[in-house]
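Reminder, nothing fancy here: chain letters follow the sequence lines and each chain counts from 1. Computed from heavy atoms alone, side chains included, the values below leave out hydrogens, waters and symmetry copies.
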Amino acid sequence: MAGHDREYNFNEVEEKWQKRWEESNAFLSKKDSAREKYYILEMFPYPSGRLHMGHVRNYTIGDIVSRFLKMKGFNVFHPMGWDSFGLPAENAAIKNNIPPFKWTSDNISYMKKQLKRMGFSYDWTREVATYEPGYYRWNQWMFLKMYEKGLAYKKKAPVNWCETCQTVLANEQAEGGICWRCESEVAQKELEQWFFKITDYAEDLLKGHDELVGNWPEQVLTMQKNWIGRSTGLRINFRLESGEDFPIYTTRPDTVFGVTFMVIAPEHPLLEGVKDKRVRDFIARIKNQSMFDRMSDEKEKEGIDTGLKIINPFNGDIVPLYVGNFVLMGYGTGAIMAVPAHDTRDFAFAKKFGIPVKLVIDNPKSPIDVNTMPDAYVDEGICVNSAQFNGMTNTAAIEKIADFAEAQGFGKREVNFRIRDWLISRQRYWGCPIPMIYCDSCGIVPVPEKDLPVVLPTEVDFKGDSKSPLINMDEYINTVCPKCKGKAKREIDTMDTFVDSSWYYAKFTSPDSKEIYDWGEVHYWMPVDQYIGGIEHAVLHLLYARFFSMVMNDMGILPTREPFTRLLTQGMVIKDGAKMSKSKGNVVDPDAIIEKYGADTVRLFMLFTAPPQKQLEWSDKGVEGCFRFINRIWRFINRNSGLYVAGGAPEGEQLSPALESIRRELHLTVKAVTYDIQERMQYNTAIARMMELVNALYLVDEKEFSTPEGKAVLSEVFSKLLPMLSPFIPHTAAELWDLLGNWSQLHDLQWPDYIESLAKRDEIEIVFQVNGKIRAKEQVSADISKEEMEKLALAHEKVRELTANKNVKKVIVVPGKLVNIVIQ
RNA sequence: GCCGAAGUGGUGGAAUUGGUAGACGCAGCGGACUCAAAAUCCGCCGGUGGCAACACCAUGAGGGUUCAAGUCCCUCCUUCGGCACCA
């Protein structure tokens, strides 16, 4: 073989190409109405200090998509930015006495270097960082717009308080009573806070799923659906003995004749009039329980009889009213009807307090004895003890009873949602100021639009605790009322950082626009065609972002209702079977691996080891395997670079069998790799196919390639293989392309095509089965007919042996695959 | 408890519509090169039996459908994820 082995110096190669791409603005995106756009986005990082493997995987997947589609001719948009407000900066500030602004911007510049070191094809001219006043002024602007529309409001409510984080949290961020950030238990506190009225969009958020089906992971849609928790039921006005209305909500009106008691939430205003000390004490005790304890499955339901009586409007039954710790003030009316015969929880409660059980739905297959039933009967059945509804199936009765209640005027059909409004106030410093002013004479007054942004002071003094330093900043707090010009105070709470990330994807389209967005840009680029990130945001970021997108769409500033057309949730990077974490000591630092093997090897490993949706188990040996593959390509092309002719390819000349076979392999590979990337997003198999091609090249006798036909074949191989490798290992591919003397920029090339007639094997192996068992194999021409296949099979020595003296019942021929002979 | 996904060699993972199970990589074994080693290149590599040709067994377990099942259906087991008093 000609030529010397040049060592694969990945540091030199990667540095060289990164510099070139930067200098030539290789990945800048410009609006171009003539071309089809493709917006690829990965969830932007919180600048915590350095990239971790999860980021590297996430962004590598995005970069493949981006580079591939660019070569496919799309006008690709691939921006990156920083989710740069948040608690870690503040905690670091308290601990190390570094101002959050400095800590954050230092982290950003380091992580930006790391991203560039990976060779990711971002358009950095679009970069946004949420901590910049130029960005968060639009948070504030949106807040004001939403305030005008009644979508932002302040109310006193029991809220989740995290003692460790020293702030309140939204419901989504305190699932199961656990803080999403620090995993400590949250407490309930009664506080006056700012909310976004996401409940107004509950129906839209649910309906929007219809257009996401098939393009979003099923799991994410299910999680959101559960979280939104739509139910249809009936509001029924029961009455107090005093005659006062006592409305409840139920999804089971068919059981209303079986009500034997009612339960009310401890927070219910009706209870304020109750004097009984035992009841008062009970309420006080329950209000002290954390929501987690109250709703915990392990604990038994608690309750106490209030002494009040409730009248059932359907049958005039008078039943006792209990207070129960399991009834939520925030859902329905804060009170429920209880039917022990047909609800397991009510059944247990009734048994505990000796409340009667009344059967109203019977099992048609085996009648139920109410005195001996071991548990509630919750299945379908026939109505009994239900006046004019007796004999109906309970499913029919649901509608009939609702009709009746509506006609009588004591009931109304109602839709309820589990989702609550989004609590966005945070009692912390490092976030976007809420643009509101409190005036003693005018009350709550919004900051006028012209005064935006309300800039968060960056020169702050931490007292070593978690209290917001803004509390002590009189020069910040004290202001004048925009209405009466009198003395007033600013809101010092900041916004949940999930607000920042709820619209950043659209801001990328026009980071420097005078309005929130430049209409032309946002109209051209939105929606995001492919979004990639972790599944942990299924009901957090991904729900909030959809909400914001819909609100902005209704305001007419965003062209699309759904922000993300397709979603890919990538699997975690794990080591030794567990998520990488400092406490487990199994963290692998990307920097160290890049230093040892280079970015291309890391990229290849991230894609080769597992398909994107699955977990990826870290393996040092696996990384070496990828490094070895890159070296194999490097060596082969370096040794044979002299044989390459730009634009060379066979043109009808007779090829030796070896060359003919390589050429077929090449076209087969192009076809398969294209399919794997484009249709399946399965990069591991795409890489495997290219490995097979390289393995095949190594097995060809070197003399074959020195002939004119050999040169032509090899030239064709290089001219297709390197572009295919380019999205995966862009630096190495570019360097080799350069080495071959090509003047073009590899990433600007068209994705290679293949010739259909060559992307087929000319000879195939077919299988002969007898009764479904493989008994023989034979090499045949690929265009063999069914009849010929059957003839060959029956003529085969082995087959004849097995079928001799046997009755051939049936012969099944699968073209190009097999012949199955069924005997006897 | 309910809902969903998954279970394939020593290992990470392939197998597009039911049609040759185990592509590709890692690990392992053998060979070439070398004074030797590393690197590199070549070969072998699911299990059992057999010198071999070959036979039998094998995709969590057990049934079923089919000429043919990793793939479809039923039951069960295990693992992972989500929801668990929302009336």
Side-chain angles (χ1 to χ4, degrees), chain A residues 5 175-176 217-227 229-231 233-234 248-253 255 262-263 265 294-297 299 301 324-328 330-339 343-346 348-349 416-420 535-536 538-539 604-605 608-611 613-626 628-629 631-632 635 672 675-676 679-680 682 684-695 698-699 764-777 798 809-823:
Chain A
D5 278 13
E175 272 199 74
E218 192 73 42
Q219 204 193 153
V220 175
L221 296 179
T222 307
M223 283 166 75
Q224 290 202 352
K225 197 178 158 208
N226 289 341
W227 187 259
R230 185 183 197 272
S231 78
L234 189 68
I248 58 94
Y249 170 77
T250 182
T251 54
R252 292 296 304 276
T255 64
M262 309 284 283
V263 194
R294 265 177 74 174
M295 303 314 266
S296 159
D297 210 21
K299 301 236 165 76
K301 305 305 154 230
N325 64 342
F326 56 93
V327 178
L328 305 168
Y331 187 80
T333 62
I336 61 164
M337 66 180 214
V339 186
D343 181 285
T344 30
R345 183 192 55 202
D346 296 349
F349 195 89
N416 257 295
F417 293 93
R418 201 185 91 116
I419 190 172
R420 306 296 148 74
I535 195 156
E536 65 273 17
V539 288
L604 197 65
F605 174 78
F608 178 62
T609 309
Q613 301 86 343
K614 281 207 187 178
Q615 287 198 340
L616 184 149
E617 170 80 40
W618 182 265
S619 151
D620 291 333
K621 290 288 183 186
V623 176
E624 271 181 55
C626 291
R628 222 173 284 157
F629 173 61
N631 272 281
R632 255 165 94 78
R635 263 193 304 275
Y675 180 76
D676 282 349
E679 310 297 331
R680 305 204 302 164
Q682 195 163 295
N684 53 337
T685 49
I687 294 166
R689 315 256 173 168
M690 291 190 280
M691 285 175 168
E692 283 184 86
L693 178 62
V694 172
N695 289 346
Y698 266 87
L699 292 179
I764 51 169
E765 191 181 49
I766 58 169
V767 169
F768 301 147
Q769 296 181 334
V770 177
N771 281 352
K773 288 200 181 225
I774 296 156
R775 295 302 179 185
K777 298 174 182 182
K798 183 87 195 177
K809 262 174 68 180
K810 210 194 296 186
V811 179
I812 291 137
V813 185
V814 182
K817 298 265 186 193
L818 55 78
V819 181
N820 188 11
I821 296 150
V822 187
I823 53 173

* Does B:C56 have OP1 or OP2 sitting under 4.0 Å from an N or O in the side chain of A:Arg775? -> yes
* Would you tell me if any nitrogen or oxygen in the side chain of A:Ser231 comes within less than 4.0 Å of OP1 or OP2 on B:A87? => yes
Polar atom pairs between nucleotides 26-33 of chain B and protein, under 3.5 Å, N or O only, would you list them?
residue : atom : partner  : partner atom : Å
B:C26   : OP1  : A:Arg628 : NH1          : 2.7

* Structure fact -> Residue set satisfying salt bridge (Lys or Arg N to Asp or Glu O under 4.0 Å) with A:Arg632, at least two apart, ordered chain then number -> none
* Output all residues satisfying salt bridge (Lys or Arg N to Asp or Glu O under 4.0 Å) with A:Asp343, sequence neighbours left out; order by chain, then residue number. => none
Residues in ring-ring contact (aromatic ring centres under 6.0 Å, His included) with [X], at least two apart?
X	result
A:Tyr675	none
A:Trp618	A:Phe605
A:Tyr249	none
A:Phe608	none

* Asked: Reading RNA chain B 5' to 3', how would its secondary structure be written in dot-bracket notation, given Watson-Crick and G-U pairs with both distances under 3.5 Å, brackets [ ] for crossing pairs and | for partners on other strands?
  -> (((((((..(((......[....))).(((((.......))))).((((....))))..(((((..]....))))))))))))....
* Report the residues that fulfil side-chain contact (heavy atoms from CB on, under 4.5 Å) with A:Lys777, sequence neighbours left out, ordered by chain and then residue number. => A:Glu765, A:Val767, A:Ile774
* Results of side-chain contact (heavy atoms from CB on, under 4.5 Å) for A:Asn684 - residues two or more places apart only -> A:Pro611, A:Gln682
For nucleotides 79-81 of chain B, tabulate all protein N/O to nucleotide N/O atom pairs closer than 3.5 Å, reporting atom names and distance.
residue : atom : partner  : partner atom : Å
B:G81   : O2'  : A:Gln219 : OE1          : 2.8

* **Whole-angstrom distance between B:G25 and B:C41, as gauged at atom P** => 11 Å
Which protein N or O atoms sit under 3.5 Å from an N or O of nucleotides 14-21 of chain B?
residue : atom : partner  : partner atom : Å
B:A14   : OP1  : A:Asn684 : ND2          : 3.4
B:A15   : OP1  : A:Arg680 : NH1          : 2.7
B:A15   : OP1  : A:Arg680 : NH2          : 3.0
B:A15   : OP1  : A:Gln682 : NE2          : 3.2
B:U16   : O2   : A:Tyr675 : OH           : 2.3
B:U20   : O2   : A:Lys777 : NZ           : 3.2
B:U20   : N3   : A:Glu765 : OE1          : 3.0
B:U20   : O4   : A:Glu765 : O            : 3.3

* Which nucleotide in B:C24, B:A87, B:G43 has an atom nearest any side-chain atom of A:Asn695 -> B:C24
